2 protein chains.
Amino acid sequence: MKRYRQSVILELVTHEPICSQDDLSRRLRGRGFHATQATISRDIKELQLVKRAADGAYERTASTTAGRPGAEATVRRAVGEYLRRVDQVQQLLVLRTDPGGAQPLALAIDRAELPEVVGTVAGDDTILLITRHARAGREVTRLFEGWARG
Amino acid sequence: MKRYRQSVILELVTHEPICSQDDLSRRLRGRGFHATQATISRDIKELQLVKRAADGAYERTASTTAGRPGAEATVRRAVGEYLRRVDQVQQLLVLRTDPGGAQPLALAIDRAELPEVVGTVAGDDTILLITRHARAGREVTRLFEGWARG
DNA sequence: CCTGACGCCGAATAACTATGCAGCAGCACG
DNA sequence: CGTGCTGCTGCATAGTTATTCGGCGTCAGG
């Protein structure tokens with residue numbers, strides 16, 4: 001129960017701006033969790049989130065940002081199977097696959113929640129992958145190319 | 001006055017655990033600054049500190065450590081000189097400039113490492129600017145429009 | 001000297017978060 | 001069973017932070 005709820009909190013927080021615990025409580029309710037602000041306060045402490053003063057949103061720290069081990073194996077396999085080419089333009093990567101391969105690959109990438117990856121947009125055979133900056137883009141490129149070769 | 005106080009806040013926060021704004025207020029008093037919690041709240045927001053949930057201490061973010069002070073003045077000037085229009089679509093901003101203005105403006109924006117800005121892609125007279133979320137986009141829009149008018 | 005605009009600030013207060021306490025499982029042991 | 005222990009939770013409230021409102025000083029233009 002608690003573990004599951006906390007993982008949903010992590011996901012919510014990484015994907016949209018959550019600016020208060022009541023806010024979080026409401027979104028959890030939308031996913032079938034009932035938890036009071038008190039419980040969420042404790043969850044947030046255990047998850048070691050931080051609250052940005054600039055906009056009040058909660059954020060994961062580096063320690064919690066490492067993706068789940070299972071997801072990494074999945075994305076690794078998906079990259080090996082689908083990825084055909086990578087082009088980098090600053091902090092954007094354009095990934096090419098065979099026709100129809102973009103959706104499953106993008107899904108796997110999203111699930112992995114790689115810290116360098118801000119988000120993806122997938123068409124049919126092309127994915128636009130957005131990283132935080134060019135350096136991160138290069139890292140992801142190297143990572144993926146390694147997986148594609150292996 | 002304000003600048004000086006804020007730099008002292010940064011120093012205090014990096015060297016010892018400060019867990020509340022009243023705490024900070026007391027320590028500032030020890031160094032000859034008199035500021036209420038309200039003022040400190042505003043300072044902390046401007047300094048873009050984050051509060052760790054784990055222990056409640058304030059912490060600097062990468063951007064406050066990395067961003068050079070000159071960069072903000074530069075981007076300010078660049079916005080005033082080049083920016084002609086801003087359109088927002090959720091967390092994306094489309095910035096228009098006169099022909100040829102996109103590259104230098106994007107460069108200045110990148111250098112400033114604004115925390116709300118994830119990245120930019122510049123063409124000749126158009127920049128796609130990616131922010132973390134719509135709220136951040138609105139802030140950046142207001143910020144830039146203010147600079148463009150000034 | 002006005003006057004308006006602007007930036008900074010404090011007091012009060014609204015909004016948000018942490019925590020002491022008590023209740024309720026579940027579980028191990030006698 | 002009964003008892004004690006542990007982990008998790010909600011309620012109430014204490015503690016902390018953000019914001020609103022209004023005042024003050026500065027500066028530029030009239």
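A note on names: the letters A, B, ... follow the listed sequences, proteins ahead of strands, and every chain is numbered from 1. These values consider heavy atoms only, across backbone and side chains, with no hydrogens, waters or symmetry-generated copies. All figures in this text were calculated on a predicted structure; none of them were measured in a lab.
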request  = Would you kindly give the OH-to-C1' distance between B:Tyr4 and C:dC9, to the nearest whole Å?
outcome  = 20 Å

ask   = Has the side chain of A:Thr14 got a donor or acceptor atom that lies under 3.5 Å from a matching backbone atom of A:Leu10?
value = yes

query = Is there a donor-acceptor pair under 3.5 Å between the side chain of B:Thr141 and the backbone N or O of B:Gly137?
reply = yes

query = Roughly, in whole Å, what's the span from NZ in A:Lys45 to P in C:dT17?
reply = 14 Å

task = Starting at atom CG of A:Leu47, determine the distance to atom C1' of C:dA18, rounded to an integer number of angstrom.
result = 16 Å

ILVMFWY cluster, B:Leu28 and B:Leu47 together (side-chain gap under 4.5 Å) = yes

inquiry  = Using the side-chain heavy atoms of A:Tyr58, tell me which of these nucleotides is nearest: D:dG10, C:dT17, C:dT19.
reply    = C:dT17

ask   = Which of the following nucleotides, C:dC9, C:dA11, D:dA18, is nearest to the side chain of B:Ala38?
value = C:dA11

message = Which is more 5' along DNA chain C, the nucleotide nearest A:Thr39 or the one nearest B:Asp43? Just name the residue.
response = B:Asp43

request  = Check whether any side-chain N or O of A:Lys51 sits under 4.0 Å from OP1 or OP2 of C:dT17, and answer yes or no.
outcome  = yes

key: Distance-only donor-acceptor test, B:Arg42 side-chain atoms vs C:dG7 base atoms, 3.5 Å   = no

query = Between C:dT17 and A:Ser41, is there an OP1 or OP2 to side-chain N/O distance shorter than 4.0 Å?
reply = no

key: Between C:dC8 (C1') and B:Arg3 (CZ): distance, integer Å   = 12 Å

ask   = Rounding to a whole Å, what distance do you find between B:Glu46:CD and C:dC8:C1'?
value = 10 Å

request  = Calculate the interatomic distance between A:Gln21 atom CD and C:dA15 atom C1'; express it in whole Å.
outcome  = 12 Å

query = If only side-chain N and O atoms of A:His34 are considered, is one of them under 4.0 Å from the OP1 or OP2 phosphate oxygen of D:dT9?
reply = no

remark   = Separation of D:dT16 atom P from B:Arg26 atom CZ, nearest Å, is 8 Å

query = Hey, is the main chain of A:Thr36 close enough, under 3.5 Å, to the side chain of A:Ser25 for a donor-acceptor pair?
reply = no

ask   = What nucleic acid atoms does B:Ala35 come within less than 4.0 Å of, heavy atoms only: base, sugar-phosphate, or nothing?
value = sugar-phosphate

task = Report the distance from atom CD of A:Gln37 to atom C1' of D:dC8, rounded to the nearest whole Å.
result = 16 Å

request  = Would you check if there is a donor-acceptor pair between the side chains of B:Arg84 and B:Thr97 at a distance under 3.5 Å?
outcome  = no

